[in-house]
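The block underneath contains the structure these notes are about, expressed in structure tokens.
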2 protein chains.
Amino acid sequence: MNGNDQRRPVTATDVARAAKVSQSTVSLVLNGKWQGRIREDTARRVMRTADDLGYRINQSARNLRLGSTGTVLLAVPTLVNPVFATVHAGAARVGASNGLGIVVFPLSAEDGFGPFPTPRQALDGVIACSLSAHAVSNLRTGLPLVVLDDAPVPDTPTVTMDTGGGMAKALAHLTALGHRRILHLRAERPAWTFTRRAEAFDQCILSHPQVTADHLSCSFAIEEIRDRTIQALSVANRPTAIVCDDDNMALSIYAAASALDLTIGRDLSVIGFNDLPTAALATPPLTTVRLPLGALGFRGMQALIDLRGGVANDPVTLPTELVIRKSTGPAPATT
Amino acid sequence: MNGNDQRRPVTATDVARAAKVSQSTVSLVLNGKWQGRIREDTARRVMRTADDLGYRINQSARNLRLGSTGTVLLAVPTLVNPVFATVHAGAARVGASNGLGIVVFPLSAEDGFGPFPTPRQALDGVIACSLSAHAVSNLRTGLPLVVLDDAPVPDTPTVTMDTGGGMAKALAHLTALGHRRILHLRAERPAWTFTRRAEAFDQCILSHPQVTADHLSCSFAIEEIRDRTIQALSVANRPTAIVCDDDNMALSIYAAASALDLTIGRDLSVIGFNDLPTAALATPPLTTVRLPLGALGFRGMQALIDLRGGVANDPVTLPTELVIRKSTGPAPATT
DNA sequence: TTGTAGGCGTTATCAA
DNA sequence: TTGATAACGCCTACAA
């Protein structure tokens, strides 16, 4: 902070020299372990000079010495979707009470990152959430790893959500409402969570022989979704209901419906996934499969902590829930 | 990967011993600097044994030795808003071509974090984006710091966007359309970016004496926004236009309008901020102030790199733009 | 072509 | 109450 703004950072040794004490004294004082070991005025002097010199601890050195960094990495496919904020919040809560910080890293498969561009960083563990199998395998670096919302990986604690069950509930709801032509709007991003939904959809359809099913794979580009949906709805015998892999996709359908002068909930039923905050506020409010994202992060962090303690948890599957709102209604008599 | 799954991690020394070479050879080989210095079969043997032993580099040690970690931290107020995904993308692009990884840390003021709960981590720099002054001051750790979309900090490179100018354009647009009662829906999260908008709003209003202005401060809880807007619109001489600090807030207005049977763009004009992907897709498409978020991240990372190189850039302000769509229209004759 | 040795900045164990 | 001193695991002159 004062004159000596040289290149070289201020080390604890510098402080020791300046305060005329040994380096170990500095360490003790600066880590708050001096009570009853160092005289109070000495401690004060050390703190003062550390401050004056603008001393900053070198975390790399500390981490090396301690053999741990107190930070884990949460790898997610994208920062665009707010769902990962919820996962993070859940994980952060557990982390905080265990002295672990979390840092987020978006691992966009879209960017075609070949060699995993990890920050060259010192980590105590990794939580991989909703990633592609490829990305997860790149993450297996020997660090404690737990996998969230993803295909079980051998020897790796896994927390998943019963998205298949959610899909089943969605379809049961729709068929009960009389829908017989149902479209599944799929996210084409390669991720287990989406293939699970597709599989569940296909399987459920098998037990409803009276239903004609179809599906469409889309990127998350919302104009694309809208346009392709418009197309899919502009045919004879169009679908009367659409299940979407994500609430945002569902909301794009709203735009498509409005362009076609279709009223959601009456002419066309729509179901989303995730229950984003915006889902409840859409017009009409969106029926959606609520995913326990906070719990996902929470349990994931818990599993990572257990893993660091030498306990490898068994895979867990969290329940999901269909939240019925106004975007679904009885199948229209004719289309 | 094989039997020796003891507690102690495998070090380069272990590899050296097992491969019957010196540690330096291991280092050379594993860093790809062996070409022309180490015989090829030796190199292969080293790589093989490293693999067999499951050797993983200790980043803390490497970072300590190298005096740098190759990773910078991007601190953001929340992960919920996708705008920060864009900032990140811009920054990541520059970072990647300079060997710097980025890691994201949500610094929620809401959580009442007192002392900055940084992961105890080794970083090469920090980029603070759209934070509260309090949070920024907590980030001044002696690391190279650049501040984005925030109040200029002494001795710190800053990149901002001309949000005030954006607000001015929004108001000019509205007054030109004949609006005389305008409401500013403000985000109550303490952040420079929002106070700037408020100041710009207040100031612009001064030069339009015929306009009656009002404002409302809301959290980002969208039900709250909807309900309070409904209230604000349920009075005699209600506002005919609303400017919102964020597109998501604007979209909440849509819900309010629908509840009141008001048609956006005709009975009520709405302007947002950010130009999120959803803005263009809303019904009707949202008029909004587009912020150069990608450029913000890009320039910010650039400034950080310059700073590490000893060059302290001057503050920069990026231009903003009003994107006129269908949510704004002529003021209704009577209200 | 390979090995030796020193040091990066901490923390922790012991002696003084 | 304090100070030497020895690691932590890695990289890199320099020596062999």
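To find a chain, count down the sequence lines: A is the first, B the second, and so on, and within it residues start at 1. These values consider heavy atoms only, across backbone and side chains, with no hydrogens, waters or symmetry-generated copies.
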Quick one about [Y] and [X] (side-chain donor to acceptor, distance below 3.5 Å, no hydrogens or angles considered), yes or no?
X         : Y        : result
Ser24(B)  : Ser22(B) : yes
Arg308(A) : Ser68(A) : no
Asn63(A)  : Thr69(A) : no

Stem list for DNA chain D, please, built from Watson-Crick and G-U wobble pairs under 3.5 Å and keeping only runs of at least 3.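 Stems found: C:1-16 with D:1-16.
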
What is the distance, rounded to the nearest whole Å, between atom CG of Asn63(B) and atom C1' of dC8(D)? 14 Å

From CG of Asp41(A) over to C1' of dT1(D), roughly how many Å is that when rounded to an integer? 11 Å

Atom pair [atom1]/[atom2] of [X] and [Y] - distance to nearest 0.5 Å:
X         : Y         : atom1 : atom2 : result
Asp51(A)  : Leu30(A)  : CG    : CG    : 9.5 Å
Arg39(B)  : Arg45(B)  : CZ    : CZ    : 8.0 Å
Arg140(B) : Asp155(B) : CZ    : CG    : 7.0 Å

Can you tell which of Leu148(B), Leu318(B), Val83(B) makes a side chain to side chain contact (heavy atoms under 4.5 Å, CB included) with Leu293(B)? Val83(B)

OP1, OP2 of dT1(D) versus side-chain N and O of Thr42(A): anything below 4.0 Å? no

Which letters describe nucleotides 9-16 of chain D, given B = protein heavy atom under 4.0 Å from base, S = only from sugar-phosphate, - = neither? BBBB----

Hey, what's the ring geometry for Phe220(A) with Phe194(A), parallel, tilted or perpendicular (30° and 60° as the breaks)?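 Ring orientation of Phe220(A) relative to Phe194(A): tilted.
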
